[in-house]
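Down below is the structure, laid out as structure tokens.
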Amino acid sequence: MQKQITRLRFDKMKKYFSAFFLLLFFCVSVGAQKKFHAYAVGFYNLENLFDTCHDAGKNDYQFLPSGSYKWNGMKYSHKLHNMARALGDMGTTMLPGVGCSAIGVSEVENDRCLTDLCAQPELSKRGYKFCHVEGPDRRGIDCALIYNPSLFSVKAYRLYPYVPTEKQDSLFRTRGFFAVSGEMAGEHVVIIVNHLPSRFNVSYFREVGAAQVKALKDRILGLDPKAKVIVMGDMNDDPTNKSMHEVLSAKEEADMVGKDDMYNPWYNVLAKQGTGTLQYQGSWNLFDQIILSPSLINKNGEKDFTTLKYFKYEVQRMPYLFQKEGKYKGGTKRTTAGGVWLDGFSDHLPTVVYLVKEQREKKDKALKESVFALPEYTEAELRNIASSEAEQKARVEKDKNKKD
């Protein structure tokens, strides 16, 4: 008991010291006081946020009342509450009562789930909205963006498909790349939410995805070189793996980042700290990454926050996200494990980056609406979309014929 009290006191002191030094950073600058605005941007894999109804043409049968998970209204309502609790707490260590401006999510079934999620008290009290496009994944799980419209104003969004590069893979379908263009802190920010192919597939498939994300990032910057691009998601690879480190060119140190590279603050979390966002057979992986374009980082010891810049990162480790006892003690508290419903959260931990901008008396010049336009689809993307839509239409028709 004494150890627990000591630990609680230590954690409390750590939080106070962290807040104190943060306050020093924001308020003291060589004898002159400066004010800053901070913004939290996060990602969370929601691990199978399904409703209880069948979506025509989708393989969601496990998450029906008659399915293997015996998914019902009670379990769904608990899942919504648990997800909203975690999402609402993201970013609050630095921004209490405010939380994240925007959160990319993966493994969510449809608009209905997102509507129900944003209606939860933890999110509705801050006015969170969502944007989402139904994707081609055969199970029906998609990426989406939840956002606070008072902190991030969404102007345009588009789902870019994952396009297989080899003929024999032409029927391979997976989540695409969900790009959301908007305004944060008076600047053009584009968030690309991803869920790359699972590790049931070889590394090649994730390398293809990473190459297409990089190409999309470059297309966005081709339209607006001043855009600040944030690539986030469940990459199903670690920051040290080829898809991230070589193909996406996400570097581990800010000073290593060239104009065509990105900065990956999570690299050293795994490589040097030995921790991550999910566990497999007792070892940590760090699949849940938030990666930044060069215009979002300071290099060579600079502390220039006159424009929106990266400040710090955080793996969200709220105590309730962990299993406290039993076989899975110390691991993430999942919704279901070993066929048993645990009333938990996810097999992944959420991640957050904090961005900072100096508050100035003179307001930034208003951005033209045209600056927020996203790239048009390529011919290969258009062919892939048409093919996926035809397949989905055929599956829906097959479902209908079963009922008849």
Side-chain angles (χ1 to χ4, degrees), residues 1-12 14-15 42-52 60-90 92-93 103 105-109 113 116-117 120-122 139 141 195 198-200 234-238 266 269-270 273-289 314-352:
M1 185 66 181
Q2 185 60 41
K3 282 185 179 178
Q4 283 183 318
I5 293 170
T6 304
R7 179 59 187 266
L8 284 169
R9 284 175 179 164
F10 176 72
D11 289 344
K12 215 170 200 181
K14 245 177 37 173
K15 190 177 280 189
F43 174 77
Y44 195 18
N45 180 324
L46 304 185
E47 194 194 17
N48 296 322
L49 179 56
F50 282 83
D51 61 24
T52 61
D60 57 2
Y61 298 104
Q62 284 182 304
F63 286 90
L64 298 178
S66 58
S68 58
Y69 286 97
K70 306 296 180 188
W71 201 243
N72 56 32
M74 183 270 290
K75 290 180 180 178
Y76 177 52
S77 65
H78 278 238
K79 176 74 171 177
L80 288 169
H81 170 69
N82 290 347
M83 292 295 92
R85 181 185 179 190
L87 291 162
D89 281 346
M90 289 172 63
T92 57
T93 51
I103 306 172
V105 295
S106 66
E107 294 200 18
V108 60
E109 185 181 17
C113 291
D116 292 344
L117 181 62
Q120 298 298 303
E122 296 89 344
R139 283 185 64 218
I141 56 171
H195 190 177
S198 78
R199 288 206 161 186
F200 287 113
D234 176 356
M235 306 304 188
N236 271 310
D237 263 340
D238 289 321
W266 312 97
V269 175
L270 182 68
Q273 298 176 27
T275 189
T277 56
L278 73 159
Q279 285 183 310
Y280 179 68
Q281 295 181 347
S283 298
W284 283 103
N285 290 101
L286 208 161
F287 293 171
D288 307 271
Q289 300 161 51
E314 189 176 27
V315 177
Q316 305 285 264
R317 295 181 172 274
M318 291 80 86
Y320 57 77
L321 296 179
F322 294 89
Q323 195 72 34
K324 298 291 192 302
E325 56 189 8
K327 180 180 176 182
Y328 305 104
K329 184 179 179 181
T332 51
K333 188 176 182 182
R334 305 181 60 168
T335 304
T336 303
V340 178
W341 183 61
L342 302 176
D343 193 14
F345 295 81
S346 173
D347 53 341
H348 293 245
L349 295 174
T351 49
V352 165

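- Of the inter-residue distances, the one linking Leu80 atom CG with Asp51 atom CG reads 9.5 Å to the nearest 0.5 angstrom.
- Residues Thr332 and Leu278 have side chains not in contact (no heavy-atom distance under 4.5 Å, counting atoms from C-beta outward).
- Of the inter-residue distances, the one linking Ser66 atom OG with Asn72 atom CG reads 11.5 Å to the nearest 0.5 angstrom.
- Under the side-chain hydrogen bond (donor to acceptor under 3.5 Å, both in side chains) rule, His348 has a single partner from Thr277, Asn285, Asp288, which is Asp288.
- The minimum heavy-atom distance between Trp341 and Thr335, with the atom names listed, is CD1-O, 3.4 Å.
- For Glu314, there are no salt bridge (Lys or Arg N to Asp or Glu O under 4.0 Å) partners, not counting sequence neighbours.
- The nearest pair of heavy atoms linking Gly276 to Arg317 is O-NH2, 3.0 Å.
- Heavy-atom neighbours of Lys329 NZ from other residues, nucleotides or ligands within 6.0 Å: at or below the threshold of 12.
- With a 4.5 Å cut-off on side-chain heavy atoms, Leu117 and Val105 do not count as touching.
- In this structure, the side chains of Trp266 and Asp238 stay at 4.5 Å or more apart for every pair of heavy atoms.
- Scanning all heavy atoms of the two residues, the minimum distance from Ile141 to His195 falls at CD1-CE1, 4.4 Å.
- Scanning both residues, Ser106 and Phe43, for their nearest heavy atoms gives OG-CZ, 3.5 Å.
- Gln316 places no side-chain N or O within 3.5 Å of a backbone atom of Leu87 that could act as its donor or acceptor partner.
- Between the CE atom of Met74 and the OG1 atom of Thr52 there is a distance of 12.5 Å, given to the nearest 0.5 Å.
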Give the C-alpha distance, both sets of side-chain angles, the deciding distance and a yes or no for side chain to side chain contact (heavy atoms under 4.5 Å, CB included) between Met83 and Gln120.
-> CA-CA 9 Å; Met83 292 295 92; Gln120 298 298 303; over 6 Å; no
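- Between Phe287 and Asn45 the shortest side-chain heavy-atom distance does not fall below 4.5 Å.
- Val315 is not listed as a side-chain neighbour of Thr275, based on a closest heavy-atom distance of 4.5 Å or more.
- In terms of heavy-atom proximity, Trp71 sits nearest to Phe50 at NE1-O, 2.8 Å.
- In this structure, Met235 and Leu286 have side chains that are not in contact, with every pair of non-hydrogen atoms separated by 4.5 Å or more.
- Distance CD/Gln279 to CZ/Phe322: 8.0 Å, rounded to 0.5 Å.
- In this structure, Glu47 and Lys79 have side chains that are in contact, with non-hydrogen atoms separated by less than 4.5 Å.
- With no hydrogens or angles considered, no side-chain donor-acceptor pair links Tyr69 and Asn48 at under 3.5 Å.
- Between the CD atom in Gln62 and the CZ atom in Arg139 there is a gap of 6.5 Å [rounded to 0.5 Å].
- Listed here is the closest heavy atom pair of Tyr44 and Ser346: OH-CB, 3.6 Å.
- Note on Asp343 versus Lys333: no salt bridge recorded, every NZ/NE/NH1/NH2 to OD/OE distance being 4.0 Å or above.
- Taking 4.5 Å as the limit, every side-chain heavy atom of Gln323 sits out of range of all side-chain heavy atoms of Arg334.
- Going from atom CD1 of Ile103 over to atom CE of Met90 covers 4.5 Å, rounded to the nearest 0.5 Å.
- The distance between the ring centers of Tyr320 and Phe345 falls below 6.0 angstrom.
- With a 6.0 Å radius and a threshold of 12 heavy atoms from other residues, nucleotides or ligands, Tyr61 has its OH atom above the threshold.
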Decide side chain to side chain contact (heavy atoms under 4.5 Å, CB included) for Leu349 and Trp284; before the verdict, give the C-alpha distance in whole Å, the side-chain angles of both, and the deciding distance to 0.1 Å.
-> CA-CA 11 Å; Leu349 295 174; Trp284 283 103; 4.2 Å; yes
